[in-house]
Amino acid sequence: MNIELLIKILNYQKDGIVILDRNLNIKFINEFAKKILSLDGKEIYKKTFYEIFKDNYFETIISYALQKIDKNEEILIRNEEISLNDNVYLLNIFFIENHIVIKLSDVTPYEVYKQAKRDFVSNVSHELKTPIAVIQGVLETIQNEEDINQIKNFTKIAYKRIQQMNNLINDLLTLAKLEIKEEKINKKIIKIHNTVNSIFNDFSSIASEKNIKMINNINPNFEIFVDEQKFYILLRNLIENAVKYNKENGLVEVRSYEDDKYSYVVVKDTGIGIPKEALPLIFERFYRVDKSRSREVGGTGLGLSIVKHIAEAHEGKALVKSELGKGSEFTIKIPKV
Ligand SMILES: Nc1ncnc2c1ncn2[C@@H]1O[C@H](COP(=O)(O)OP(=O)(O)OP(=O)(O)O)[C@@H](O)[C@H]1O
Ligand SMILES: [Mg+2]
């Protein structure tokens, strides 16, 4: 195998590779390493690695590695994580035939995943802790309570909290199943005019508290090619938000239209709206625009994440437009048969 081919192969690697001699002169640096370390030009071959990275984190690492060379250890540093320009790299330093080989592997996506997992566990624990604390308090109080009406009031509070935990667990299960694509999507052509009416009915008491008017502008003949149960969950979440995040005397409108390839369902409200900077985040699990505001109206921040997953499971999309203080419009785009 010739050396040029070898160099080409090293330049194709998605790991950064730097080869130094014992005096830390750079003997080879592949393209990916140049990118990671923000180095370019032939100049770098005239300098030592030490000169380039003086007073840098690398200097410490390299000096540490050099101490070990004398002990003739072949692997000097293994799997140390370092941060460079907002990315996380796994650093390995080997000593091979009088040369030091530095290998940097980008593990940022894995780190992001690990962080998301940590956030997820802490969010779920937090969401369960609050209702459990309330239920515990209620049960303690009831033990010494003799007034039957008080007991009834307390049990109502506990029941509401149990429902809250139940909703959270159901949402988590729905999301988990959608994420691992375990649940089959059983698509068929359905009409949704009546479905929207029945969801409106479920939220009618909350809507009337704020005098919110709900308008079903779905054409009774409008058809869409979806999994009926899943699409029901999707619509329910969007309509629930449109009512929950609405204002006194507000409006909720659901309408539909279509083009050659797609069917569209729009849920529009004249509510509090979503700030621009929050728009890219609202479909994330547990994200809530304003935690204190959202806590007032209840919810865990899973609804829109479920909406997005259901739309995507249909090869469709969930889109949003919103203006703070004026209202929001969610559009679901689903491919036709
Ligand atoms: N129609 C809307 N108008 C204004 N803000 C909205 C609207 N829909 C969603 N949001 C904002 O986006 C956040 C995320 O919504 P999502 O439905 O995922 O969670 P949630 O309503 O807080 O809880 P859950 O739906 O899980 O009960 C909400 O907390 C709210 O701040
Ligand atoms: Mg919601």
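Hydrogens, waters and symmetry mates play no part in the numbers below; they use all other heavy atoms, side chains included. Indexing begins at 1, ligand by ligand and atom by atom, following the structure's order.
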Which residue from [options] reaches closest to [atom] through any of its heavy atoms?
| atom | options | answer |
| --- | --- | --- |
| atom 19 (O) of ligand 1 | S305, G301, G327 | G301 |
| atom 30 (C) of ligand 1 | F286, F283, Y245 | Y245 |
| atom 15 (O) of ligand 1 | L168, V289, T270, L304 | L304 |

Practice problem: Take every heavy atom of F330, measure it against each atom of ligand 1, and state whether any distance is under 4.0 Å. | Solution: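 Yes; F330 lies near enough to ligand 1 that a heavy-atom distance drops under 4.0 Å.
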Quiz item: Measuring from the heavy atoms of G271, does anything fall under 4.0 Å of ligand 1?
Solution: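 No, G271 has no heavy atom closer than 4.0 Å to ligand 1.
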Flag [X] as yes when one of its N or O atoms lies below 3.5 Å from any N or O atom of ligand 1, and as no otherwise.
| X | value |
| --- | --- |
| I274 | no |
| K244 | yes |
| E240 | no |

Quiz item: Have D119 and N123 got a donor and an acceptor in their side chains that come within less than 3.5 Å?
Solution: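 Side-chain D/A pair, D119 to N123: absent.
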Quiz item: For D15 and Y89, does a side-chain donor sit closer than 3.5 Å to a side-chain acceptor?
Solution: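 No, no side-chain donor-acceptor pair sits under 3.5 Å.
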State whether the side chain of [X] and the backbone N or O of [Y] hold a donor-acceptor pair below 3.5 Å, judged by distance alone.
| X | Y | value |
| --- | --- | --- |
| S83 | V88 | no |
| N30 | I17 | yes |
| N201 | N197 | no |
| K35 | G16 | no |
| N92 | N79 | yes |
| N246 | A242 | yes |

So if I count the atoms of ligand 1 from 1 in the order they appear, which ones are less than 4.0 Å from some heavy atom of [X]?
| X | answer |
| --- | --- |
| I282 | 12 (O) |
| Y287 | 13 (C), 14 (C) |
| G303 | 16 (P), 17 (O), 18 (O), 24 (P), 25 (O), 26 (O) |

Exercise. Determine whether Y257 and L234 fall in the same hydrophobic cluster, where Ile, Leu, Val, Met, Phe, Trp and Tyr are linked whenever their side-chain heavy atoms lie under 4.5 Å apart.
Key: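 No, no single cluster joins them.
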Practice problem: Kindly give the heavy-atom pair with the smallest separation between A207 and M214, and that separation in Å. | Solution: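 Distance-wise, the nearest heavy atoms are CB-CE, 3.8 Å.
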Quiz item: Is K308 close to L304 at the side-chain level, that is, under 4.5 Å between some pair of heavy atoms?
Solution: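 The answer is no; the side chains never approach within 4.5 Å.
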Exercise. Pick one of side chain, backbone, both or neither for how D269 approaches ligand 1, counting any non-hydrogen atom pair under 4.0 Å.
Key: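 The answer is the side chain.
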Exercise. Taking the Mg ion (ligand 2) as the centre, count the protein N/O/S atoms lying under 2.8 Å from it.
Key: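 Number of qualifying protein atoms: 1.
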Identify every side-chain donor-acceptor pair in residues 138-151 under 3.5 Å, counting partners at least two apart or on other chains, and give the distances.
from, atom 1, to, atom 2, distance (Å)
T141, OG1, G137, O, 2.6
E145, OE2, D147, N, 3.2
D147, OD1, N149, N, 2.9

